[in-house]
Asks: 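First the structure, which I've put down as structure tokens, then a few questions once you've had a look.
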Amino acid sequence: MTKVNLEDLVSLCKRRGFIYQGSELYGGLSGTWDWGPLGLSLKRNLTNLWWQKFVEEPDNMYGIESSILMNAKIWQASGHESTFHDPVIEDVKTKQHYRLDHLLADNKVDPKGMSLEDMANKIKELKIKSPDGNELGNPSRAGQMFKTNVGSVEDESSLTYLRPETAQGMFVNFRNIVDSYYPDIPFGIAQVGRNFRNEISPRDFIFRSREFEIMELEYFIDPSNWEADFDNLRLKMREWFEKTLGLSKENIKEVEIDKSDRAHYSDRTIDFNYKFPGREDELAGLAYRSDFDLSNHQKHSGKNLEYAEKGSNRKFLPHVIEPTFGLERHVLAVLTEYYKEDEINGEKRTYLALPANLAPVKVAVFPLLKNKPELVKYAHDVYGTLKQKVGLAMWDDNGNIGKRYRRQDEIGTPYCVTVDFQSLEDKTVTLRNRDTTEQKRMTVNEVLAELGKS
RNA sequence: GCGGGAUUCGUAUAGUGGUUCGUAUGCCAACCUUCCAAGUUGGAGAGACCGGUUCGAUUCCGGUAUCCCGCACCA
């Protein structure tokens with residue numbers, strides 16, 4: 001198995017036009033990434049596959065797209081306004097920052113519900129020192145939500161945030177979906193969207209950035225049998241990783257999150273970790289959120305969010321199971337999984353063994369020789385036909401045939417079609433397979449059939 | 001955010017207080033080439049940014065930005 005290191009991936013992504021550093025021309029902006037044509041194509045293919053599997057295939061899923069700017073009250077109700085601003089305190093000597101609430105918890109004080117001042121006072125009162133044994137200074141909050149103002153006046157009343165998660169968009173539309181469709185429980189609301197978090201230190205290429213996309217599902221259930229629903233979703237997620245994306249079992253690890261690390265309202269949370277280059281970390285998660293979100297919104301909005309069961313008098317707040325998928329992390333996982341090296345005639349070859357439904361370019365077409373107009377002309381015709389039918393096709397007549405194959409290998413194009421002299425006589429072309437490098441001679445129609453299979 | 005290191009053509013690198021910043025590869029063009037990075041010729045392309053020292057700075061110094069490694073943070 002080929003071992004990948006992150007630098008090789010970053011270099012390939014930049015060189016071949018997958019992913020660039022954000023604002024690069026002006027020295028960059030930490031934690032932002034710009035997607036080039038191939039990266040975007042890969043990302044969209046991935047999103048489409050996800051949408052197909054989790055939204056279109058089942059018949060109880062409702063896809064939505066909620067706005068990034070939302071009423072600030074939503075972030076109060078969800079608890080983000082308080083918990084997404086981590087309280088920290090400074091060691092006056094080392095200038096290190098420590099989590100204020102964690103220090104208190106370590107000293108057997110429950111920080112829940114305490115204001116920043118209360119917590120700081122408690123530190124003074126108990127004469128708590130930093131882990132290095134130094135005095136602690138002023139408390140502050142490490143803000144994780146991007147603030148902005150809606151309207152022309154910039155004051156408290158116009159303040160809101162760029163959403164730090166997509167989930168609330170689904171919860172606040174729960175009633176809309178019920179009113180429009182009145183689906184039977186269980187049903188799900190799904191969306192793919194951008195999120196913004198002012199991370200302290202974005203790291204590891206696109207793994208942790210300040211602006212990122214999440215593919216997410218809120219599955220509304222009857223709480224009486226949540227374990228079964230949870231397990232079904234867990235299996236479905238495994239199917240997605242292993243069957244749809246073809247990620248190998250050894251690279252995916254399910255991790256049960258301990259009660260102490262779980263949100264207090266959750267009875268079960270699983271992380272799906274992937275073996276990224278140099279580290280194993282979270283790719284997706286599955287959390288049982290109980291009725292935490294709906295009951296909070298019911299309380300804060302004052303609106304009744306109960307679901308009235310059909311054919312009975314029962315009314316209840318559905319519980320929620322939430323599968324979450326980091327889109328950029330999926331791109332990184334897929335690149336990691338399919339980055340391969342082998343040898344052809346003693347020369348190293350780098351290629352992306354991407355499944356055809358993920359590959360940014362499905363097929364490339366070349367004339368065997370560039371300086372023979374009749375070859376070029378016919379190859380152009382073939383290219384035109386394929387492009388019309390397949391869409392994601394690429395033309396290349398640069399250098400020699402070997403170079404073109406290698407170039408396509410590196411961006412993961414599964415098939416290359418070459419027009420040679422025999423093509424002019426019998427209208428056949430060669431179809432070259434990326435992974436085996438084998439070639440088969442066939443007509444253009446047969447090529448289309450072959451492409452249609454994958 | 002803290003500590004350490006780094007930043008030179010797209011990529012990977014070399015070297016230098018003073019003439020035109022070298023190389024490989026990639027890229028572009030021409031020629032050549034009848035299937036896996038062949039060859040020839042030509043071409044474009046670089047010292048992150050802002051200051052300071054100096055007659056002169058890509059080189060030395062400071063700041064900023066970004067990246068990498070640790071810590072911390074996040075999930």
Side-chain angles (χ1 to χ4, degrees), chain A residues 5-8 10-17 20-32 36 83-84 86-91 93-99 102 130-132 140 142-144 164-165 195 197-205 207-210 212 214 255 257 261-263 269-273 278-279 281-285 287 324 326 329 342-351 366-372 375 398-410 416-424 429-434 436-441:
Chain A
N5 61 62
L6 195 59
E7 292 96 84
D8 290 341
V10 176
S11 172
L12 186 144
C13 282
K14 178 149 195 225
R15 204 155 24 89
R16 293 299 185 196
Y20 310 104
Q21 167 78 52
S23 309
E24 197 189 18
L25 194 60
Y26 286 89
L29 179 65
S30 185
T32 62
T83 63
F84 248 64
D86 300 326
V88 292
I89 194 160
E90 188 188 67
D91 179 322
K93 211 164 169 192
T94 65
K95 302 288 175 201
Q96 288 249 21
H97 283 81
Y98 295 98
R99 278 285 289 268
H102 290 182
S130 81
D132 290 333
S140 58
Q144 278 238 72
E165 63 167 45
N195 299 277
R197 289 186 199 173
N198 205 352
E199 295 286 352
I200 297 171
S201 55
R203 277 286 163 92
D204 301 306
F205 193 33
F207 184 83
R208 174 172 296 118
S209 45
R210 293 198 162 114
F212 58 98
I214 284 197
V255 182
I257 301 304
D261 289 335
R262 265 187 332 239
T269 301
I270 290 177
D271 278 358
F272 288 86
N273 287 357
R279 64 184 292 169
D281 216 323
E282 187 180 348
L283 173 66
T324 306
R329 291 179 182 191
D342 64 2
E343 278 196 2
I344 294 181
N345 303 334
E347 292 254 21
K348 195 183 105 178
R349 173 176 81 130
T350 301
Y351 66 107
F366 339 120
L368 180 61
L369 297 174
K370 189 189 185 178
N371 63 348
K372 300 284 185 284
L375 281 185
N398 196 352
N400 60 49
I401 188 81
K403 285 191 184 189
R404 296 177 211 150
Y405 285 146
R406 298 301 171 82
R407 247 198 307 268
Q408 295 303 324
D409 288 342
E410 210 177 18
C416 294
V417 167
T418 300
V419 169
D420 60 10
F421 290 95
Q422 194 181 327
S423 310
L424 300 177
V429 296
T430 63
L431 183 70
R432 182 259 195 185
N433 179 295
R434 173 196 61 206
T436 62
T437 75
E438 272 163 17
Q439 293 172 71
K440 275 189 251 170
R441 182 164 283 281

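Proteins come first, then strands; the chains are lettered A, B, ... in the order of their sequence lines, and each starts at number 1.
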Asks: Using the P atom in both, what is the distance from B/U58 to B/A24, to the nearest Å?
Replies: 26 Å
Asks: Which sits closer to the 5' end of RNA chain B, A/L25 or A/E282, going by the nucleotide each is nearest to?
Replies: A/L25
Asks: Search all heavy atoms of A/R404 against all heavy atoms of A/G399 and return the closest pair with its distance.
Replies: NH2-O, 3.1 Å
Asks: Can you confirm whether the side chains of A/D420 and A/S423 place a donor and an acceptor under 3.5 Å from each other?
Replies: yes
Asks: Under a 3.5 Å limit for both distances, which nucleotide forms a Watson-Crick or G-U wobble pair with B/C31, could you say?
Replies: B/G39
Asks: For the pair made of CG in A/L29 and P in B/A65, what is the distance, rounded to whole Å?
Replies: 11 Å
Asks: Any strand counts, and the cut-off is 3.5 Å on both contacts for Watson-Crick or G-U wobble. Which nucleotide pairs with B/U54?
Replies: none
Asks: If I take atom CD1 in residue A/I401 and atom C1' in nucleotide B/U33, what distance separates them, rounded to the nearest angstrom?
Replies: 11 Å
Asks: Examine B/C67: is either OP1 or OP2 under 4.0 Å from a nitrogen or oxygen in the side chain of A/Q21? Give yes or no.
Replies: yes
Asks: Assess whether a salt bridge exists between A/E347 and A/R406, defined as any Lys/Arg side-chain N lying under 4.0 Å from an Asp/Glu carboxylate O.
Replies: no
Asks: What is the distance from OH of A/Y20 to P of B/C67, rounded to the nearest Å?
Replies: 18 Å
Asks: Provide the Watson-Crick or G-U wobble partner of B/G3, both distances under 3.5 Å; none if there is no partner.
Replies: B/C69
Asks: Is A/R434 paired with A/D409 through a side-chain N to carboxylate O contact shorter than 4.0 Å?
Replies: no
Asks: Counting only Watson-Crick pairs (N1-N3 plus N6-O4 or O6-N4) and G-U wobbles (N1-O2, O6-N3), all under 3.5 Å, who is the partner of B/U13?
Replies: B/G22
Asks: Would you mind telling me which residue lines up with the more 5' stretch of RNA chain B, A/E24 or A/D420, judged by nearest nucleotide?
Replies: A/E24
Asks: List in chain and number order the residues that pass side-chain contact (heavy atoms from CB on, under 4.5 Å) with A/S209, two or more places apart in sequence or in another chain; answer none if no residue qualifies.
Replies: A/W33, A/F212
Asks: What is the distance from CZ of A/R210 to P of B/A65, rounded to the nearest Å?
Replies: 11 Å
Asks: Measure OH/A/Y405 against P/B/A38 and give the value in whole Å, please.
Replies: 14 Å
Asks: Would you classify B/G42 as syn or anti? Syn applies when the glycosidic angle is within 90° of 0.
Replies: anti
Asks: Do the side chain of A/R404 and the base of B/C36 come within less than 3.5 angstrom through a donor-acceptor pair of N or O atoms?
Replies: no
Asks: B/C32 P sits how many Å from A/K403 NZ, rounded?
Replies: 17 Å
Asks: Rounding to a whole Å, what distance do you find between A/K370:NZ and B/C27:C1'?
Replies: 12 Å
Asks: Measure from CG on A/N345 to P on B/C35 and round the result to the nearest Å.
Replies: 13 Å
